[in-house]
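These notes are about the structure you will find just below.
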2 protein chains.
Amino acid sequence: MPSNVLKTAEVEKISHLEYFNIAVSVDCVIFGYENKELKVLLIESDLKEFSGLYSLLGDLVRPDEDLDAASYRVLKERTGLDDVFLQQVHTFGRVNRHPSGRVVSTAYYSLININNHKLSIDDSNLHWHSVNSIKKLAFDHKEILDTCLKLLRSQVMDYPVVYNLLPEKFSLRALQEVYEAILGVSLDRRNFRKKIALKNWLQELDELEDDVSHRPGKLHKFKPKVIKSLLSKIG
Amino acid sequence: MPSNVLKTAEVEKISHLEYFNIAVSVDCVIFGYENKELKVLLIESDLKEFSGLYSLLGDLVRPDEDLDAASYRVLKERTGLDDVFLQQVHTFGRVNRHPSGRVVSTAYYSLININNHKLSIDDSNLHWHSVNSIKKLAFDHKEILDTCLKLLRSQVMDYPVVYNLLPEKFSLRALQEVYEAILGVSLDRRNFRKKIALKNWLQELDELEDDVSHRPGKLHKFKPKVIKSLLSKIG
DNA sequence: GCAAAAGTGTTTCAGTTACACCCATGC
DNA sequence: GCATGGGTGTAACTGAAACACTTTTGC
């Protein structure tokens, strides 16, 4: 087509109809935390091709739904949770990655509190799996998981993304254990506390732990404005 | 559907046919460098809706084409260049981002040598635009450009992505000017040289600049294995 | 009183920044 | 000889890492 002839969007669409033949999905890597371990929420694959394997939670994007909105919908449908931080990570588009046909999938990660959402799973065969124990998943979901974990690890010290993994009030030790589970390393207690204090994410409360058999630590919570600014910044 | 009934991929596809109604495209932010300025390759929009505006180079992904391959194809078709570093950045999926219909687009950036590809543009109304001067683009392409520039800036000191912006042999001053153009700051010469030396990306040649009216600097080139490992790592 | 973790500072090290002089070349 | 950039080292600073003792509580 000569470059000086403008075409309308409608004409453009008609001339490319055959291309509107790829489905777009989102896959959510939903991390949780329990027993000092990082977990991820998986579902048994309902495809014969992947019988016995687990897969991430995903769904096709609806024609009238923003891509980001689809990831929020999946999270909401599966966990009942709303207002959660969701981070787009990468888009996976190999031709044969999905046996049902051509599906390009955008991966997101989020972190939620395992206890908060227990109420909302009534139906399903969702299970939390320890991230470290996962060797194989359906589709290319292991690769997606690895990619998301890598990004999470690189962001976790710069953004307060872990705020949802703990109850509202927590001790600094509990927070440190979360970081150790995510990063897969052990951290020095004094340096950790210094670093966290510098970030100014937390407020110290006038309450102590009350369920421990040793000297109780002070409880802390994330400052609400810190969470708000996270949700608006990289949502 | 009860969770204990497995379905085949074929059944799954049939039951979701209406979803195979979203097009997937790639948009390439192709950076170049000239006159100490960072440039980006744009084309006049051929859509009436965006008459007079420029847009990034993109195309719909073909049904039998990997997503990454589509971005390589666009780059090759438009510049004749092959074997270039291409970095996936983000996927943009707002419902109304494209007037032709629902198009979800994955953005990539790359950096090429403006002089190398001059030969290959015979047809078209492609133009290099100074990145700093761009205020508005067709579609959401300004947002895409900004997102890609941000990622480029965050990667440019960690990976040798700039190798293509310069001729094969270049002086350290020329390299520094590239970094200054990308980062939008001016750098200290001694510190810059120290930092680059530490990365061990370059080999010093036994040649000097010969077209300057002052003391000529030694020429350097990127080590081939550095480029190879970049192309395989985040390609 | 003992087990367990809370709380807290200093020193060392590495990496980054700031900064100035002499040198080689073209004109 | 002068204008232009080439080439180089050191001191100050900042952030990260290593490291140990006293305190508080439950039992």
Side-chain angles (χ1 to χ4, degrees), chain A residues 33 35-37 153-160 162 166-222, chain B residues 33-37 153-160 166-222:
Chain A
Y33 173 76
N35 295 328
K36 308 191 182 179
E37 278 191 320
R153 283 177 170 164
S154 78
Q155 293 186 328
V156 81
M157 280 299 184
D158 296 326
Y159 304 95
V162 300
L166 290 167
E168 196 196 349
K169 303 171 182 182
F170 51 85
S171 68
L172 290 178
R173 175 183 39 76
L175 184 66
Q176 179 174 341
E177 285 165 354
V178 165
Y179 275 89
E180 291 177 333
I182 291 174
L183 296 171
V185 297
S186 65
L187 301 170
D188 178 86
R189 182 155 45 108
R190 280 171 291 187
N191 292 336
F192 177 77
R193 285 168 187 231
K194 257 182 293 181
K195 206 182 275 190
I196 292 293
L198 234 25
K199 298 194 189 304
N200 208 21
W201 291 342
L202 306 183
Q203 56 188 247
E204 189 177 287
L205 303 173
D206 278 332
E207 290 177 70
L208 300 175
E209 293 179 286
D210 63 355
D211 53 349
V212 290
S213 71
H214 55 75
R215 175 176 174 182
K218 286 213 178 103
L219 293 180
H220 297 250
K221 59 180 271 191
F222 278 89
Chain B
Y33 173 75
E34 202 176 39
N35 295 329
K36 309 191 183 180
E37 278 191 321
R153 284 177 170 165
S154 79
Q155 294 186 326
V156 80
M157 280 300 184
D158 296 327
Y159 304 95
L166 290 168
E168 197 197 349
K169 304 171 180 181
F170 50 85
S171 67
L172 291 177
R173 174 182 37 79
L175 184 67
Q176 180 174 337
E177 285 166 355
V178 165
Y179 275 89
E180 291 177 333
I182 292 174
L183 296 171
V185 297
S186 63
L187 301 170
D188 178 86
R189 184 156 45 111
R190 278 170 294 189
N191 292 336
F192 176 77
R193 285 167 187 233
K194 257 182 295 181
K195 205 182 275 189
I196 292 293
L198 234 25
K199 297 195 189 305
N200 208 21
W201 290 342
L202 304 184
Q203 56 188 244
E204 189 178 288
L205 304 173
D206 278 333
E207 291 177 71
L208 300 175
E209 293 179 285
D210 63 354
D211 52 349
V212 290
S213 70
H214 54 76
R215 174 177 174 179
K218 285 214 179 106
L219 293 179
H220 297 249
K221 59 179 270 192
F222 279 90

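Side-chain proximity of His214(B) to the nucleotides dT25(C), dT17(C), dA6(C) is greatest for dT25(C).
Atom pair Asp211(A):CG and dA6(C):P shows a separation of 12 Å (rounding to whole Å applied). What separates NZ of Lys199(B) from P of dG15(C) is a distance of 11 Å, to the nearest Å. Nucleotide dT17(C) holds its P atom 12 Å from the CG atom of Leu183(B), rounded to whole Å. Per the geometry, CZ belonging to Arg190(A) stands 13 Å off P belonging to dA6(C), to the nearest Å. Nucleotide dT16(C) holds its C1' atom 12 Å from the CE atom of Met157(B), rounded to whole Å. With rounding to whole Å, Leu219(A) atom CG is found 14 Å from dA5(C) atom C1'. The separation between Phe192(A) atom CZ and dA5(C) atom C1' is 15 Å, rounded to whole Å. In this structure, Asp188(A) atom CG and dT8(C) atom C1' are separated by 12 Å, rounded to whole Å.
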Please test Tyr179(A) against Tyr33(A) for ring-ring contact (aromatic ring centres under 6.0 Å, His included), starting from the C-alpha separation and ending with a verdict.
CA-CA 10 Å; Tyr179(A) 275 89; Tyr33(A) 173 76; over 10 Å; no
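Put simply, the side chain of Lys218(A) reaches to within 4.5 Å of the side chain of Leu208(A), judged on heavy atoms.
Side chain of Glu209(A) to backbone of Gly217(A): a donor-acceptor contact under 3.5 angstrom is found.
At a cut-off of 3.5 angstrom, the base of dG7(C) holds at least one donor-acceptor pair with the side chain of Arg189(A). With hydrogens and angles left out, the side chain of Arg215(B) and the base of dA24(C) share no donor-acceptor pair within 3.5 Å.
Backbone-only contact: Arg173(B) has heavy atoms under 4.0 Å from sugar-phosphate atoms and none from a base. Contact annotation for Lys194(B): base contact, defined as any heavy-atom pair under 4.0 Å involving a base atom. Residue Lys218(B) is classed as a sugar-phosphate contact, given heavy-atom separations below 4.0 Å to backbone atoms only.
Protein chain B contacts DNA chain D over a range whose 5' and 3' limits, counting nucleotides with an atom under 4.0 angstrom from a non-hydrogen atom, are dT4(D) to dT10(D).
Within 6.0 Å of atom CG in Asp211(A), more than 12 heavy atoms from other residues, nucleotides or ligands are found, so the atom counts as buried in its surroundings.
Comparing Ser213(A) and Ser171(A) along DNA chain C, the residue whose closest nucleotide (by nearest heavy atom) sits nearer the 5' end is Ser213(A). Between Lys195(A) and Leu208(A), the residue anchored closer to the 5' end of DNA chain D is Lys195(A), taking for each the nucleotide with the nearest heavy atom.
One distance of note links NZ of Lys199(A) with CE of Met157(A); it measures 7.0 Å at 0.5 Å rounding.
Checking Leu205(B), Leu175(B), Leu172(B), Ile196(B) one by one against His220(B), the side chain to side chain contact (heavy atoms under 4.5 Å, CB included) holds for a single residue, Leu172(B).
Applying the side chain to side chain donor-acceptor pair (under 3.5 Å) test to Lys169(A) and every residue at least two apart in sequence or in another chain returns Glu207(A).
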